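Working notes for the structure below.
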Amino acid sequence: MKRFLLLFAALFAAPAGVCGTADAPRIAIIIDDLGYQLAAGRRAIALPGPVSFAILPDAPRAAALAHAANAEGKEVLVHLPMQAAVDRRNESGGVTLDMSREQFRAAIDDAIKAVPFAVGFNNHRGSLITRHPGHMRWLMEELGLRNPLFFVDSFTTHHSVAMQVAAESGVRAIRRDVFLDDDPQPATIRAEFERLKSLARARGAAVAIGHPYEATLAFLETELPKLAAEGYELVPISALVAN
């Protein structure tokens, strides 16, 4: 009995992130824009811990990197190109405002086929499409038909209605909190990473998006292994969307 009590006390005295993470702030990180550079994609997939990866459906190495991520037990998202408000060029493999309902559905079907093992979608660009309730409803209807696919709003505009429409449609969704590397300078990446941790402490969880830049990958390779000792839990994006 004495030995049991000592073990019990030791477990509860342990720092957060060492013997248990039930109460630790949780962090999810998505690396966007995979599918073009094979070496950078593989390096990203090798990052320590359950980082998630968003792959462009029309990129030449989309399927290969999706298979590589899945083989490592990492989560894969379809990084769906969506039309932007300022630069309205149509990116291949994506959705645009002038599409019919049938064309929209076909684009979603093609994207899913191009990115095997996808558990959800997030938007690439999309500051125009994500502010349109009609097109967001089309998207949520398609994801709803393919349950349990979820949506991560990359939140490229403050006018986005994606979260509202997802809730109305019964689709699981979550919004990005931090872009790690809008300015891919090491000092900026570090500052944004610290902001991510601060948000996770304040809210219990936070979501970051980064890209397979040299500076971003080098930073994460060094910093991700420190998270548990600092009292954080790195989780796949689905762990936060579920809540």
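Note that these values count all heavy atoms, side chains included, but never hydrogens, waters or copies made by symmetry. Just so it is clear, the model here is predicted, and its values are computed rather than measured.
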Extract all donor-acceptor atom pairs below 3.5 Å that involve side chains of residues 174-187 and protein atoms in other chains or at least two apart in sequence.
from: Arg176; atom 1: NE; to: Ser154; atom 2: O; distance (Å): 3.0
from: Arg176; atom 1: NH2; to: Ser154; atom 2: O; distance (Å): 3.4
from: Arg176; atom 1: NH2; to: Phe155; atom 2: O; distance (Å): 2.6
from: Asp177; atom 1: OD1; to: Arg203; atom 2: NH1; distance (Å): 2.6
from: Asp177; atom 1: OD2; to: Val207; atom 2: N; distance (Å): 2.8
from: Asp181; atom 1: OD1; to: His211; atom 2: ND1; distance (Å): 2.8
from: Asp181; atom 1: OD2; to: His211; atom 2: N; distance (Å): 2.9
from: Asp181; atom 1: OD2; to: Thr216; atom 2: OG1; distance (Å): 2.6
from: Asp183; atom 1: OD2; to: Thr188; atom 2: OG1; distance (Å): 2.9

Side chain proximity check, [X] to [Y], heavy atoms < 4.5 angstrom:
X      : Y      : value
Asn70  : His67  : no
Leu143 : Phe150 : no
Phe151 : Met140 : yes
Ile29  : Leu234 : yes

Closest non-hydrogen atom pair, [X] against [Y]:
X      : Y      : answer
Gly231 : Ala24  : O-CB, 3.3 Å
Ala69  : Val76  : CB-CG2, 3.7 Å
Gly93  : Pro57  : O-CG, 3.6 Å
Val115 : Ala66  : CG1-CB, 4.3 Å
Ala166 : Ala173 : CB-CB, 3.6 Å
Ala205 : Leu240 : CB-CD2, 3.8 Å

Without swapping roles, check the side chain of [X] against the backbone of [Y] for a donor-acceptor pair under 3.5 Å.
X      : Y      : answer
Gln103 : Ser100 : yes
Lys74  : Ser52  : no
Gln83  : Leu97  : yes
Thr130 : Ala162 : no
Ser169 : Val171 : no
Arg61  : Tyr36  : yes

- Evaluate salt bridge (charged side-chain N to carboxylate O under 4.0 Å, His left out) for Arg201 paired with Glu230, printing each intermediate quantity in order. CA-CA 11 Å; Arg201 285 195 304 272; Glu230 294 173 350; over 6 Å; no
[atom2] on [Y] to [atom1] on [X], rounded to 0.5 Å:
X      : Y      : atom1 : atom2 : value
Asp98  : Phe104 : CG    : CZ    : 12.0 Å
Arg43  : Leu220 : CZ    : CG    : 10.0 Å
Asn123 : Thr157 : CG    : OG1   : 10.5 Å
His158 : Ser160 : NE2   : OG    : 10.5 Å
Asp32  : Ile55  : CG    : CD1   : 10.5 Å
Phe219 : Leu47  : CZ    : CG    : 12.0 Å

- Query: Using a distance-only test with no angle check, is there a side-chain donor-acceptor pair under 3.5 angstrom linking Glu75 and Ser238?
  - Reply: yes
- Consider only side-chain N and O atoms of His79 and Asp33, and report whether a donor and an acceptor are under 3.5 Å apart. yes
- Take Arg137 and Glu141 through the salt bridge (charged side-chain N to carboxylate O under 4.0 Å, His left out) test and state the conclusion after the steps. CA-CA 6 Å; Arg137 194 165 305 281; Glu141 287 172 357; 5.6 Å; no
- Message: Checking Glu102 against Arg105 for the salt bridge (charged side-chain N to carboxylate O under 4.0 Å, His left out) test, could you report, in this order, the C-alpha distance in whole Å, the side-chain angles of both residues, the deciding distance, and whether it holds?
- Response: CA-CA 5 Å; Glu102 291 73 21; Arg105 178 181 294 111; 5.0 Å; no
- Message: Does Arg195, at its CZ atom, have more than 12 non-hydrogen atoms belonging to other residues, nucleotides or ligands within less than 6.0 Å?
- Response: yes
Among the clusters formed by ILVMFWY side chains lying less than 4.5 Å apart, do [X] and [Y] turn up in the same one?
X      : Y      : result
Val78  : Val165 : yes
Leu56  : Leu65  : no
Val119 : Ile30  : yes
Val161 : Trp138 : yes
Ile112 : Leu139 : yes

- side chain to side chain contact (heavy atoms under 4.5 Å, CB included) between Arg190 and Glu223, intermediate numbers included: CA-CA 9 Å; Arg190 179 171 295 280; Glu223 296 301 318; 3.4 Å; yes
- Message: side chain to side chain contact (heavy atoms under 4.5 Å, CB included), that's the test. Do Val235 and Ile27 meet it? Break it down for me.
- Response: CA-CA 6 Å; Val235 298; Ile27 287 173; over 6 Å; no
- Message: I'd like to know whether Glu192 forms a salt bridge (charged side-chain N to carboxylate O under 4.0 Å, His left out) with Lys197, so could you lay out the CA-CA distance, the side-chain angles of the two residues, the decisive distance to 0.1 Å, and finally the verdict.
- Response: CA-CA 9 Å; Glu192 291 302 302; Lys197 292 193 290 185; over 6 Å; no
- Item | Evaluation steps, side chain to side chain contact (heavy atoms under 4.5 Å, CB included), between Leu227 and Phe193 | CA-CA 11 Å; Leu227 285 176; Phe193 193 71; 3.9 Å; yes
- Message: Apply side chain to side chain contact (heavy atoms under 4.5 Å, CB included) to residues Tyr213 and Ile189 and explain how you reach the verdict.
- Response: CA-CA 11 Å; Tyr213 303 146; Ile189 294 168; over 6 Å; no
